[in-house]
Each structure stands twice: as structure tokens, then as C-alpha cells.
2 protein chains.
Amino acid sequence: MGMLNERTERVLYAVVQSYISTNEPVGSRFITKAYSFNLSPATIRNIMADLEESGFLLQPHTSAGRVPTDRGYRFYVDHMARQKEAEDRFLKSFILRLEATREDLDGLLEAAARTLSEHSRYLGLAAPMKSGKTTLNRIELFIYRGNYIAVMLLTDEGLIKHKLIRMGQELTPRTLRRISEYLNQEFSGYTIDEIRFKLIREMSREKALCDILISKAVQICREALSFPAGDIYISGFSDFIGLPDFSDRIREIAGAIEDKHFMLKLLEQVGSESEDVPSVVIGSENPVKEMRDLSMVVSAFKQGGKTAGTVGVIGPTRMDYTKAIVMVQTAARFITEALAR
Amino acid sequence: MGMLNERTERVLYAVVQSYISTNEPVGSRFITKAYSFNLSPATIRNIMADLEESGFLLQPHTSAGRVPTDRGYRFYVDHMARQKEAEDRFLKSFILRLEATREDLDGLLEAAARTLSEHSRYLGLAAPMKSGKTTLNRIELFIYRGNYIAVMLLTDEGLIKHKLIRMGQELTPRTLRRISEYLNQEFSGYTIDEIRFKLIREMSREKALCDILISKAVQICREALSFPAGDIYISGFSDFIGLPDFSDRIREIAGAIEDKHFMLKLLEQVGSESEDVPSVVIGSENPVKEMRDLSMVVSAFKQGGKTAGTVGVIGPTRMDYTKAIVMVQTAARFITEALAR
DNA sequence: TTTAGCACTCTCGCTGTTTGAGTGCTAAAG
DNA sequence: CTTTAGCACTCAAACAGCGAGAGTGCTAAA
């Protein structure tokens with residue numbers, strides 16, 4: 001599997017790199033020149049034929065150059081050496097950008113997605129952990145315009161949500177305060193999922209108790225927790241869609257990207273396994289079939305030891321993996337660090 | 001200007017309608033058949049030649065059918081009769097959809113944009129009034145994780161914003177409450193713009209007073225008001241971009257749409273004049289040059305007599321104006337009504 | 001094992017041709 | 001004076017044929 005002799009490997013690298021930057025099938029002659037092999041085109045052809053046989057390359061048609069297969073990219077990614085200098089240059093502008101936005105998690109993630117996309121020209125992504133896993137720090141309630149209640153949820157992770165709830169009748173400030181105290185006492189420190197669970201139990205008990213106050217509280221909390229899908233920041237749409245790779249299928253891909261729910265699930269599925277180093281999913285490896293000819297580089301960022309969300313990049317299979325990996329990794333690290341402060 | 005004889009007008013309508021639905025240049029023969037004129041193609045040709053001379057139609061090339069000019073669309077829009085039945089059908093599903101989301105303004109607008117785009121297959125837009133014009137209902141502060149303050153701003157219009165602010169040192173709950181009281185007393189009932197103005201005055205006075213409390217308060221308020229551009233809900237990206245009209249220029253258009261700041265300014269510029277009936281901007285009439293071959297239908301919705309925001313649709317110049325106008329109008333009315341409750 | 005040489009294949013761009021839709025004009029008919 | 005039939009004309013789009021060029025695989029010599 002990982003067994004290619006030195007020379008063959010070099011040829012594979014050359015093909016991948018060249019194809020990544022030009023998007024043109026690459027021929028034997030070109031390789032000898034551009035990568036200064038001391039070999040004749042014929043020899044390269046033999047090597048390429050071998051590489052094709054073992055599934056790392058393929059020809060779009062008989063008289064064209066070779067193009068990497070997904071497997072070829074995979075080999076490239078798994079064996080390539082890190083480019084240190086790219087990292088440094090990127091790191092600087094990245095930190096510069098993010099440092100400027102000392103906001104809450106949302107602001108940070110939005111900036112991350114944008115920076116990622118601007119530097120890569122691919123699609124930049126950032127999303128906090130599925131909100132169910134976040135733990136509630138506290139919940140605040142106010143009366144608003146008589147018969148509405150404004151709810152503000154704060155989580156330990158810096159995520160903030162608000163919601164307006166319409167009430168049947170008006171509540172006095174005093175009742176509201178009591179409700180608020182009850183909710184905080186009962187639910188602070190639990191994750192949203194746990195709270196949802198507890199709420200269900202509470203609902204049944206509540207009937208028995210017939211305590212109107214608690215009933216109201218539970219009702220408010222239920223409504224407040226009925227979030228829409230969850231946040232995800234996506235940036236770089238236009239550059240991405242302008243890429244020559246998808247001149248057909250634009251519609252389809254645009255549709256997938258616009259569906260935030262879908263993207264979130266995608267991130268979640270791919271990012272789950274990642275540890276310190278970003279995970280790379282190449283074309284056909286993608287579990288989601290709509291994404292079969294796209295690649296993703298995704299990494300998780302943490303807070304207090306726990307995974308707190310994901311950042312990443314989506315691009316064509318011929319994306320610049322070296323750069324993408326470095327960028328995503330830097331981004332994840334930086335966010336982790338920023339959250340730790 | 002509005003002087004075309006009955007018959008000529010009918011021909012113009014036929015061309016516009018046909019072109020809107022097929023996106024193909026329309027010929028004389030086709031018109032006679034499809035719209036059952038009791039005239040020969042030759043006659044129609046003469047009429048069309050007249051229409052071309054007066055600038056309502058043009059030929060893409062000599063041997064092709066005619067296509068409406070922007071002026072042609074304009075005439076069509078200004079003179080067309082309302083289609084009552086389309087309205088009713090749309091109204092029902094629209095209300096159904098929006099009724100389900102009894103949320104705050106944000107939720108309402110998002111639903112509106114989506115409904116608009118789904119029913120039109122164009123780009124659906126919805127945005128609240130520029131936040132500077134909204135009036136502050138109240139401001140709430142809490143301590144969060146020691147050295148952060150969570151700020152929640154509520155406006156009279158149902159707009160809610162939150163922000164996390166990092167403080168140099170920790171504040172006691174008591175100080176915070178006093179700050180909060182000060183801010184509410186000082187700023188409630190003013191518009192955000194006014195508050196910004198007052199803040200500047202306060203800043204200078206503050207130096208003289210040397211009151212640390214007020215100083216802190218002002219600082220917090222300043223930070224809290226440093227919003228990003230403002231919200232706008234855009235929906236239907238993928239359908240829109242898949243339209244055959246922009247198969248080239250996709251990149252450019254996608255770029256413009258992605259730039260929310262730009263879109264917001266666009267809406268503001270176009271929507272300002274609209275009263276009860278949506279305003280229609282056709283292609284070259286657009287003040288913004290990037291949008292010169294797109295059309296927009298925009299309407300404002302109100303709250304308490306004042307304009308509270310805008311909804312609209314963007315499509316190709318050959319968009320279905322009848323439908324778009326009815327839809328946008330219904331949407332605006334419905335939102336106005338929903339806000340009144 | 002490498003390489004030169006050669007025949008072969010296939011895309012791409014160019015050219016010319018045909019087809020068909022649609023026009024404008026003219027002259028006859030209403 | 002208006003409408004219409006007829007006809008010549010124009011042009012885009014579709015198609016076929018062709019040559020050039022890039023790239024290959026194979027064979028035989030170095």
C-alpha cells in the first residue's frame with residue numbers, strides 16, 4: 001500500500017502538484033522538464049503506466065496526460081512533508097485578523113470562516129458544537145411589551161441565544177423572577193440535551209403538582225430550547241462556485257451549501273474523528289454522496305478539554321491540501337487558544 | 001409615452017409574457033398562433049417593427065425573434081392588470097407558512113425570505129430597518145464568567161441583539177446593576193443613532209466628571225453598539241444561480257449576493273420610496289451598476305406607522321413581474337399585520 | 001534498465017455547409 | 001389605407017471534415 005519506490009513516488013507527487021495548480025492533465029514530457037527529473041519522457045511514461053495500473057492515476061482519454069485519482073490524492077496527503085514556511089506566513093495574517101475580533105464565539109467563528117475562505121479561495125466553514133452538547137450557564141428572562149417574554153440563554157462555551165416568547169397573559173415581574181430562579185436552580189450546569197430530557201420528566205410531574213408557576217417555567221424553557229438547526233458560518237461562496245471544476249453541477253452544489261442543516265450534519269460526520277491534526281476526506285471517501293467529488297479538510301477546536309466545535313474547508317478534489325491542512329490546523333489551534341483565555 | 005394603440009399593446013404584452021416564460025426570442029408566427037390574434041404573421045411583423053423603433057423590443061440578431069427591452073418590461077409592469085387569482089393561491093400558503101413561526105422579528109423575516117424564494121424561484125430578501133433607526137426599549141447586563149459582561153439590547157421593534165464584552169477587571173453585581181440602571185434611564189426610548197450621538201457628548205463630559213461608574217457604563221454601551229453591518233435574510237441562492245440567464249457572470253453575481261453589506265445598501269436604496277404598492281426596478285433602471293441586468297421588486301413593511309424594514313425579490317429582467325409583485329405585496333402586508341398584533 | 005523512434009489515438013480548433021427560423025420588402029387583395 | 005401572401009435574404013446553430021498537436025504505448029537498440 002504505502003510501498004512505492006522513491007522514484008515512482010516522486011512522479012506521483014509531481015503529477016498531483018502540477019494538476020492541483022493547473023487543473024490540466026499532466027504529460028510525461030512536462031514532468032521531466034518542470035520537475036527536472038534526469039530521465040526521459042519515455043521512462044516517466046513507464047512509471048506513470050505503473051501508477052495507473054495501481055490506481056493512483058488515470059487518463060481522461062487515451063491521448064491525454066494523467067490525472068490523479070482520489071487514491072492518488074490520498075497517498076499524496078498521507079505521505080507529504082509539511083511545508084513549514086506556508087504555515088508561518090498564513091499564521092501571521094490569520095492571527096492578525098482574528099485578534100481584531102475579540103467578540104463572543106459567534107464573532108470568532110465568523111471571522112475564522114471568512115479568513116479561511118479568503119486565504120484558500122475555497123469554502124470556509126466554522127460551526128460550534130451541536131448545541132445539545134453545550135452546558136447551560138444560566139438563563140435570563142425579562143418582560144417585554146407586556147405579553148412577551150425575552151429569554152436569553154448563556155452557555156459555558158460562550159454561545160448565546162435569545163428568543164422572544166409570546167405569553168397568553170401578562171406576568172408580574174415578581175412571578176417572572178421566581179420562574180427565573182427556579183429555572184436556573186434546576187437547570188444550570190446541565191447540557192441542553194439533559195435539560196430537554198429533564199423537561200419531559202418535569203412535564204409529567206408538573207401535572208400532578210399542579211403548580212402553575214412551575215408549569216409556566218417549564219413551558220417557557222421548552223419554547224426557548226426549540227432552536228432552529230444551529231449555527232454554521234459559511235464563507236467564500238462566490239469564489240468557490242466560480243471554480244472551473246464545477247461549471248456544471250453548480251446548481252446542485254449551491255443547493256447543498258445553502259442547506260445549512262445539511263452542511264452542519266456533514267461537518268459533524270466528518271469532524272468527529274479528528275484529533276490534533278485535521279482530518280482529510282477526499283472525494284469518493286466522503287460518506288455523503290452529494291459530496292463525492294469534493295474534498296474536505298476539517299478540524300475540531302476545544303475548550304476545557306472538550307470538543308467545542310469544528311472549522312474546515314471544502315474544495316475540489318484537486319485542492320491544495322498542503323495549504324488547506326496547515327490553514328485549518330492553525331485556525332483550530334488559534335480558536336482553541338482564544339477560548340482558553 | 002403611454003400611447004400605444006390597443007393592438008400594438010396586446011402584441012407587446014404577448015412578447016413579454018412569452019419571453020418571460022420561455023426565455024426564447026419570440027417570433028411573429030408564434031404570436032399569432034399562441035395568442036390567437038386574427039392577423040397574419042406579416043402584420044404582426046409590422047407592429048413589432050414599430051415597437052422596435054420606439055424602443056420596446058429589440059432583436060438579438062437579424063434573423064431572430066424579438067426580445068423585450070427594459071423599457072418594454074417597464075411598460076408591461078406599469079400597464080398590466082392585476083391578477084387576482086394568483087394572489088389568493090399564494091396568500092394562503094404564505095400565511096400558512098408564516099403563521100407557523102410565531103417568533104421574534106428575525107424569525108419572521110427569515111421565514112418570509114424563504115417563502116418568497118420558494119414560491120418565485122428567485123432570490124428572496126428580507127431585512128429589518130437599518131438598526132440605527134430603531135429605538136432602544138431597554139438594555140440588560142449580566143456578569144458572565146467573571147470578567148465578561150453579556151449585554152442584551154431590546155428595541156421597540158422586536159429586534160434583539162446580544163454581545164459579549166470583555167472587561168479589564170471584574171465588576172460586582174451591585175456596580176453592574178447601577179450601571180444598568182444608569183444606561184436604561186439615560187438611553188431608553190432613543191434611537192440607536194441618537195444614542196451614538198449622546199455617547200460622544202457623554203464621553204467628553206465624563207472626563208470632566210471623572211465618575212468611574214459612568215465611564216464604565218459608557219464604555220460598555222459603546223462596545224455593545226458596535227454592530228456588524230446588520231441583518232439581512234437571503235434565500236433561494238441555488239435556484240437563482242441555476243437560472244439560465246446568468247450562466248456566465250455567475251461568479252460576479254454570487255459575489256454581490258454574498259456581500260450582505262452590499263445587499264443591504266441595495267435594499268435600502270430601492271425600497272425607500274415604496275408605499276403601499278411594491279416598487280419595481282427593472283434592469284438598467286437600477287442605481288447600482290452591478291445589478292444592471294437584474295430586476296427587483298421591493299416593498300416596505302411597517303410598524304406603528306413607521307417603516308420597519310423591507311422585503312423583496314431579485315430576479316432576471318425577464319422575471320414574472322405579475323407574480324413577483326403580488327407576492328412581495330402580500331408578504332409586506334402580512335408582516336405589517338403580524339407586527340401589529 | 002533506460003531511451004530513441006515511430007505509429008497511433010484522441011481532443012481541439014478551424015472551416016465550410018446545411019438547415020430552419022425569422023425577418024423585411026413588395027405587390028396584390030380587401 | 002390596411003392587411004396579407006410571397007419571396008428573397010440573413011443569421012445562428014448544428015454538423016461534418018480536416019489538420020495540428022499533445023500524448024501515449026510499444027519495440028528495438030544502447
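We find that CG of A/Leu58 is positioned 16 Å from P of D/dG23, with the value rounded to whole Å. The distance between atom CD of A/Glu52 and atom P of D/dC26, rounded to the nearest whole Å, is 11 Å. Separating the CZ atom of A/Arg45 from the P atom of C/dT1 is a distance of 18 Å, rounded to the nearest angstrom. If you take CD1 of B/Ile47 and P of C/dT23, they are 12 Å apart, rounded to a whole angstrom. Taking atom CD of residue B/Glu24 and atom P of nucleotide D/dA13, one finds them 10 Å apart after rounding to whole Å. In this structure, CD1 of B/Ile44 is placed 15 Å from C1' of C/dG24, rounded to the nearest angstrom. Rounded to whole Å, the distance from CE on B/Met48 to P on C/dC25 is 15 Å. Across the protein-nucleic acid pair, A/Ile31 atom CD1 and D/dT24 atom C1' stand 14 Å apart, rounded to whole Å.
Here A/Arg7 reaches the OP1 or OP2 of C/dT2: one of its side-chain N or O atoms lies under 4.0 Å away. Contact check, A/Arg66 against D/dG25: a side-chain N or O comes under 4.0 Å of OP1 or OP2. Close to D/dT4, at under 4.0 Å from its OP1 or OP2, lies a side-chain N or O of B/Thr43. Between A/Thr62 and C/dC8 there is no side-chain polar atom (N or O) within less than 4.0 angstrom of OP1 or OP2.
Where A/Pro41 and B/Leu39 each meet DNA chain D at their nearest nucleotide, the meeting point lying more 5' is that of B/Leu39. Checking B/Phe30 against A/Asn38, the closest nucleotide of DNA chain C that is more toward the 5' end is the one next to A/Asn38. Sequence order on DNA chain D of the closest nucleotides to B/Ser40 and B/Ser63 puts B/Ser40 first from the 5' end.
Considering only heavy atoms from C-beta on, B/Glu285 stays 4.5 Å or farther from B/Asp70 through its side chain.
Nearest nucleotide to the B/Asn46 side chain, out of D/dG6, D/dT4, D/dT24: D/dT4. In this structure, of D/dG25, C/dG24, D/dC11, it is D/dC11 that holds the atom nearest to the side chain of B/His61. Residue B/Ala42 places its side chain closer to D/dT4 than to any other of C/dG24, D/dT4, D/dG25.
Judged by distance alone with a 3.5 Å cut-off, no donor-acceptor contact links the side chain of B/Arg29 to the base of C/dG22.
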> Does the pair A/Tyr73 and A/Ser295 meet the rule for a side-chain contact (heavy atoms from CB on, under 4.5 Å), with working shown?
Replying inline: CA-CA 10 Å; A/Tyr73 288 121; A/Ser295 286; 6.0 Å; no
>> Go through it in stages, so that I can follow the logic: the residues are B/Glu252 and B/Arg249, the test is salt bridge (charged side-chain N to carboxylate O under 4.0 Å, His left out), and I'd like the CA-CA distance, side-chain angles, deciding distance and then a yes or no.
In response: CA-CA 5 Å; B/Glu252 190 187 341; B/Arg249 305 194 54 223; 3.2 Å; yes
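Nucleotide D/dG25 forms a pair with C/dC6, judged by Watson-Crick or G-U wobble geometry with both contacts under 3.5 Å. Under the Watson-Crick or G-U wobble criterion, with both distances below 3.5 Å, D/dA30 is paired with C/dT1.
Both cation-pi conditions hold for B/Arg10 and B/Phe37: the charged atom is under 6.0 angstrom from the six-membered ring centre and inside a 45 degree cone around its axis.
Residue A/Arg29 places its CZ atom among 12 or fewer non-hydrogen atoms of other residues, nucleotides or ligands, all under 6.0 Å distant.
The structure places OG1 of B/Thr69 at 11.5 Å from CZ of B/Arg74, a figure rounded to the nearest 0.5 Å.
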